[in-house]
Amino acid sequence: MEPIRIIVGLGNPGRDYAETRHNVGFMVLDRLARRFNVEWKTDKARKGELAAGPGVLLVKPQTFMNNSGECVGPLMRYFKFAPEQVLVIYDDISFPVGTLRLRAGGSAGGHNGMKSLIAHLGTEKFPRLRVGISAPGQKNMVGHVLGKFAPDERPLLEESLDKSAEAAFVALKEGFDMAANRFNIRKEKKKKEKPAPEESAPSGDVPTAENPKTPTQEVSR
């Protein structure tokens, strides 16, 4: 895979949307900007806030979420980068707060910001880092994603934001595949337990359906 040259964080501009679930992409980008010790500059012509890091351009589209591609597509073409050199960080209700997942491509999954990016980049084949914000449950979807995190979610949120910033840094410095191998959660396969050696029951003390347990043989649980 080509080296990452643009890192995009998705969100909505303005104070009213700051710290909402839909803005975790912005939150991760702010951590990266602090790590690189760079400042954000508003570029109205390019419809975004930009910060130039070492070998990478950090981008926070200011078009509102549904039109994020209007900022990112022209930037990508201006610098003559390929879509696979654009890493996009955004919120995902498929994962609980505190988790993240890197993926080399795929559909928008119902996310309007990603739909716009796919339309303007002309492909689904660009890397992304999804940050879990939990499913809405009985809540209205719009109210959920535009709402703020509950106090008891904040510790997990802070941990996942720090981890996401580190994952983006690894993707930039060591390659996307390395970051995915290191930070993606994998379900551990259950080890098959070897059956215990059978003990022959003494004569006259044979287990039956009515009496499955004997003094010399425990029923497995």
Side-chain angles (χ1 to χ4, degrees), residues 6-34 40 42 47-51 58-73 75 83 86-121 123-124 126-168 171 180 183-185:
I6 296 177
I7 300 179
V8 179
L10 297 189
N12 287 307
R15 187 177 300 175
D16 291 343
Y17 299 102
E19 302 296 315
T20 59
R21 294 176 191 269
H22 225 17
N23 274 38
V24 292
F26 279 11
M27 298 180 205
V28 176
L29 265 287
D30 285 336
R31 279 164 167 73
L32 282 172
R34 289 196 293 271
W40 292 104
T42 300
K47 303 180 180 180
E49 286 192 356
L50 313 178
L58 306 181
V59 180
K60 293 195 293 186
Q62 299 295 291
T63 56
F64 285 95
M65 180 68 79
N66 293 4
N67 298 313
S68 299
E70 293 179 7
C71 166
V72 181
L75 271 173
V86 180
L87 171 62
V88 181
I89 304 173
Y90 65 102
D91 59 290
D92 195 320
I93 63 170
S94 302
F95 305 114
V97 175
T99 60
L100 60 98
R101 182 69 58 84
L102 293 109
R103 192 178 179 188
S107 69
H111 193 287
N112 289 331
M114 291 299 289
K115 289 178 183 178
S116 178
L117 281 168
I118 290 170
H120 285 270
L121 269 60
T123 180
E124 295 181 347
F126 56 89
R128 66 281 309 267
L129 193 169
R130 297 178 287 170
V131 183
I133 62 168
S134 296
Q138 300 300 318
K139 297 179 182 178
N140 172 271
M141 177 66 76
V142 174
H144 177 70
V145 299
L146 295 182
K148 297 192 175 183
F149 292 90
D152 61 348
E153 293 177 309
R154 294 299 303 192
L156 281 175
L157 171 66
E158 293 298 323
E159 181 181 338
S160 72
L161 293 176
D162 289 341
K163 191 179 293 184
S164 296
E166 180 64 22
F183 290 93
N184 277 352
I185 298 172

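All values below come from the heavy atoms of this structure, side chains included, with hydrogens, waters and symmetry mates left out. Just so we're clear, the structure is a prediction, and the values are computed from it rather than from any experiment.
Shortest non-hydrogen contact noted between Val131 and Ser164 is CG2-OG, 3.6 Å. Of all heavy-atom pairs between Ala171 and Leu87, the closest is CB-CD2, 4.3 Å. Across all their heavy atoms, Val88 and Leu117 have their closest contact at CG1-CD1, 3.6 Å. Residue Ala168 comes nearest to Leu129 through the heavy atom pair N-CD1, 4.2 Å, listed as atom of the first residue, atom of the second, then distance. Taking all atoms of both residues into account, the shortest heavy-atom contact from Asn184 to Leu102 is OD1-N, 2.7 Å. Of all heavy-atom pairs between Ser160 and Leu100, the closest is O-CD2, 4.0 Å.
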Derivation and outcome, side chain to side chain contact (heavy atoms under 4.5 Å, CB included), residues Phe149 and Ile133: CA-CA 8 Å; Phe149 292 90; Ile133 62 168; 4.0 Å; yes
Evaluate Arg21 against Ile93 for side chain to side chain contact (heavy atoms under 4.5 Å, CB included), listing each step before the verdict. CA-CA 9 Å; Arg21 294 176 191 269; Ile93 63 170; over 6 Å; no
Under the side chain to side chain contact (heavy atoms under 4.5 Å, CB included) rule, what do Gln62 and Cys71 come out as? Steps first, then yes or no, please. CA-CA 8 Å; Gln62 299 295 291; Cys71 166; over 6 Å; no
What do the steps show when you test Asn67 against Lys47 for side chain to side chain contact (heavy atoms under 4.5 Å, CB included), and what is the final call? CA-CA 10 Å; Asn67 298 313; Lys47 303 180 180 180; over 6 Å; no
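In this structure, the side chain of His22 does not engage the main chain of Tyr17 through any donor-acceptor pair within 3.5 Å. Of the possible donor and acceptor atoms, none in the side chain of Asn23 sits under 3.5 Å from a partner among the backbone N and O of Phe26.
Rounding to the nearest 0.5 Å gives a distance of 12.5 Å between CG of Asp162 and CE of Met27. A distance of 11.0 Å separates NZ in Lys163 from CD in Glu166, rounded to the nearest 0.5 Å. Note that CE of Met65 is 8.5 Å distant from CG of Asn112, once rounded to the nearest 0.5 Å. Once rounded to the nearest 0.5 Å, the distance linking NZ of Lys148 with CD of Glu153 reads 13.5 Å. Rounded to the nearest 0.5 Å, atoms OG (Ser107) and CD1 (Ile118) are 6.5 Å apart. Between atom CG of residue Leu157 and atom CD of residue Glu159 there is a gap of 10.0 Å, rounded to the nearest 0.5 Å.
Between Leu146 and Asn12 the shortest side-chain heavy-atom distance falls below 4.5 Å. No side-chain heavy atom of Phe64 sits less than 4.5 Å from a side-chain heavy atom of Glu70.
If you run side-chain contact (heavy atoms from CB on, under 4.5 Å) between Ile6 and each of Leu58, Val86, Leu50, only Val86 comes through.
The salt bridge (charged side-chain N to carboxylate O under 4.0 Å, His left out) analysis of residues 86-104, with sequence neighbours excluded, yields the pairs Asp92-Arg130.
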